[in-house]
Amino acid sequence: SNPVVQFSEKLRGDLFNMMLEIEERTDLTLCLGTSLSGMNSDRCAHTPATKFCDSRIGNGTVMINLQQTGIDGMCSIRVWAKLDDAFK
């Protein structure tokens, strides 16, 4: 079966709860090539960035992509590049 969750579908409750636990424990998130377009998983980028900005807890969020996102100003490191170029 296709494991991709469509925009119109809901995540399984157990997986959503696991994501919430990971979101709270994470102290560094790498966002690679995503626009953070409003999916629930965006929380895993937003929360570490907020913790770092508000109280210097953890290391925040590193963003590498070509699109502007809602958390660009909160990122610990923000790189405007194609992933292939950034990792060379």
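Computed from a prediction, not measured in an experiment: that's the story for all the values here. As a basis for the values below, the full set of heavy atoms in this structure was taken, side chains included, without hydrogen atoms, waters or symmetry mates.
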If I compare all heavy atoms of [X] with all of [Y], which pair ends up nearest, and what's the gap?
X     : Y     : answer
Cys31 : Thr61 : SG-CG2, 3.8 Å
Leu36 : Ala45 : CD2-CB, 4.1 Å
Cys44 : Met19 : SG-CG, 3.7 Å
Phe52 : Gly58 : CD1-O, 3.3 Å
Pro48 : Thr29 : CG-OG1, 3.3 Å

Can you name the side-chain contact (heavy atoms from CB on, under 4.5 Å) partners of [X], sequence neighbours left out?
X     : answer
Arg12 : Asp14, Leu15
Asp72 : Met63, Gln68, Thr69, Arg78, Trp80
Ser35 : Ser37, Gln67
Ile57 : Lys51, Ser55

Check for me, please, whether Leu83 and Val79 land in the same ILVMFWY cluster - side-chain distances under 4.5 Å, paths through other members count.
yes

Phe16 and Met18: same hydrophobic cluster, using ILVMFWY side-chain contacts below 4.5 Å?
no

Taking side chain to side chain donor-acceptor pair (under 3.5 Å) as the test, write out the residues that go with Arg43, two or more places apart.
Glu23

Gap separating the OG atom of Ser41 from the CD1 atom of Ile22, nearest 0.5 angstrom
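So the OG of Ser41 and the CD1 of Ile22 are separated by 11.5 Å.
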
When rounded to the nearest 0.5 angstrom, what is the spacing between CD1 in Ile71 and OG1 in Thr50?
7.5 Å

